[in-house]
Amino acid sequence: MLAGLLAGDVLDVAPRLLGARLTHAGVTVRLTEVEVYAGSADPGSHAFRGRTPRTEVMFGPAGRLYVYFTYGMHFCANVVTGPAGEASAVLLRAGEVVDGHGLAAGRRAGVRERDWARGPARLATTLALGRAENGLDLLDPATDGRLELPDGPTPPGVVATGPRVGVSGAGGDGTAFPWRFWLADEPTVSAYRAATPRRRG
């Protein structure tokens with residue numbers, strides 16, 4: 001069931017991942033916020049201009065992790081979706097730690113529990129996801145990563161949508177790309193921030 005779901009259209013997959021549990025390195029996070037990135041159809045996607053060494057994992061197969069380094073200091077993790085050869089992925093923006101609290105507390109020392117995985121870089125840190133996990137197959141039971149779907153569908157009205165966080169240019173148009181999905185009233189969902197234009201040096 002999971003393999004079939006992840007191989008589907010990314011806009012269908014993303015809201016279905018809300019409430020799913022991702023486990024890695026002894027910690028399990030229940031996903032409460034995700035974002036869609038749809039490859040060549042999406043000016044906000046890393047793969048908008050095609051296949052590169054950085055984006056190779058995004059082209060499948062579905063069920064792999066695409067982990068990238070950003071701003072010279074953080075890792076962020078995505079679940080690859082769709083048919084092989086077509087780049088798309090769901091950014092894991094936020095979640096609630098539901099198992100492995102001791103390990104999570106050690107990785108996020110001095111941070112209150114609500115904020116352990118509240119934001120994509122924090123989520124990756126809590127789950128110990130870094131460069132070595134790029135390409136990790138979540139569908140292979142022999143790996144240290146596991147993705148489990150929620151027991152049933154999310155009740156109607158619980159899923160909220162809106163513009164993606166920090167995406168600039170055409171991809172940041174919330175009317176054309178309302179591609180952030182989150183569970184309403186969840187305290188672990190990150191705060192929305194529009195993109196900030198970078199100053200030229």
Side-chain angles (χ1 to χ4, degrees), residues 1-24 27-39 41-45 62-63 65-66 76-83 86 88-101 104 108 111-124 126-127 129 138-139 145-168 170-195:
M1 179 180 177
L2 179 57
L5 169 68
L6 296 178
D9 183 272
V10 66
L11 283 168
D12 295 327
V13 175
R16 295 279 302 278
L17 290 181
L18 293 172
R21 297 184 177 212
L22 178 61
T23 300
H24 182 259
V27 174
T28 300
V29 167
R30 181 179 69 93
L31 301 176
T32 59
E33 181 185 10
V34 298
E35 276 180 352
V36 163
Y37 289 90
D42 177 7
S45 172
L65 277 181
Y66 166 50
C76 297
N78 305 251
V79 174
V80 175
T81 69
E86 298 181 18
S88 61
V90 177
L91 174 65
L92 309 179
R93 280 208 55 86
E96 172 197 12
V97 174
V98 294
D99 196 21
H101 290 77
R108 303 286 290 130
V111 177
R112 58 182 175 174
E113 184 173 339
R114 185 198 76 166
D115 294 334
W116 283 349
R118 188 173 180 244
R122 295 171 178 180
L123 184 148
T126 298
L127 290 171
L129 297 173
L138 296 174
L139 301 180
R146 185 174 73 255
L147 181 66
E148 299 171 287
L149 294 177
D151 294 334
T154 304
V158 173
V159 176
T161 64
R164 295 179 292 190
V165 176
V167 178
S168 59
D173 181 344
T175 300
F177 300 97
W179 286 359
R180 181 168 63 105
F181 300 86
W182 67 94
L183 295 175
D185 301 321
E186 283 278 347
T188 56
V189 171
S190 65
Y192 173 73
R193 292 183 180 85

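Values reported hereafter were calculated over all heavy atoms of this structure, with side chains retained and with hydrogens, waters and symmetry mates removed. As the structure is a computational prediction, the values presented were derived from the model and not from experiment.
Tested against Y37, the residues V90, V10, T81, D42 include a single side-chain contact (heavy atoms from CB on, under 4.5 Å) partner, D42. Only one option out of R114, R112, E113, R118 pairs with W116 in a side-chain contact (heavy atoms from CB on, under 4.5 Å); it is E113. No option in T32, V29, L183, V97 other than T32 meets the side-chain contact (heavy atoms from CB on, under 4.5 Å) test with T188. With respect to V189, the side-chain contact (heavy atoms from CB on, under 4.5 Å) criterion is satisfied by exactly one of E33, R93, E96: E33.
For the pair A41 and F177, the tightest heavy-atom approach, listed with the atom from each and the gap, is O-CE2, 4.1 Å. For the residue pair T175 and P178, the shortest heavy atom distance occurs at O-CD, 3.7 Å. Nearest heavy atom pair, residue A38 against residue S45, reads N-CB, 4.2 Å. Residues L11 and D9 share a closest heavy-atom pair of N-OD1, 2.9 Å. For the pair P150 and G19, the tightest heavy-atom approach, listed with the atom from each and the gap, is CB-O, 3.8 Å. Shortest non-hydrogen contact noted between G82 and A62 is O-CB, 3.5 Å.
Under the 4.5 Å side-chain criterion, counting only non-hydrogen atoms from C-beta, N78 is not in contact with L92. No side-chain heavy atom of L65 sits under 4.5 Å from any side-chain heavy atom of V80. Between L6 and L138, every side-chain heavy-atom pair lies at or beyond the 4.5 Å cut-off. Side-chain atoms of L149 and L5, non-hydrogen and from C-beta on, do get closer than 4.5 Å to each other. With a 4.5 Å cut-off on side-chain heavy atoms, L147 and T23 do not count as touching. With a 4.5 Å cut-off on side-chain heavy atoms, F181 and V36 count as touching.
Between the CD atom of E148 and the CG atom of L31 there is a distance of 11.0 Å, given to the nearest 0.5 Å. The distance from atom OH of Y66 to atom OG of S88, rounded to the nearest 0.5 Å, is 12.5 Å. With rounding to the nearest 0.5 angstrom, the CZ atom of R146 is 12.5 Å from the CG atom of L139.
At distances below 3.5 Å, not a single donor-acceptor pair connects side-chain atoms of D99 with backbone N or O atoms of V27. A donor-acceptor pair under 3.5 Å links the side-chain atoms of H24 to the main chain of L127, judged by distance alone.
The number of heavy atoms from other shown groups lying within 6.0 Å of CZ (R30) is above 12.
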TODO: Apply the test side chain to side chain contact (heavy atoms under 4.5 Å, CB included) to residues V165 and R180: give CA-CA distance (whole Å), side-chain angles for both, the deciding distance (0.1 Å), then the verdict.
DONE: CA-CA 8 Å; V165 176; R180 181 168 63 105; 3.7 Å; yes

Task: Check against side chain to side chain contact (heavy atoms under 4.5 Å, CB included), W182 and V34 - done: CA-CA 6 Å; W182 67 94; V34 298; over 6 Å; no

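Remark: the R21 side chain and the T28 side chain contain no N/O donor-acceptor pair separated by less than 3.5 Å.
Under the 4.0 Å criterion applied to side-chain N and carboxylate O atoms, R164 and D173 are not assigned as salt-bridge partners.
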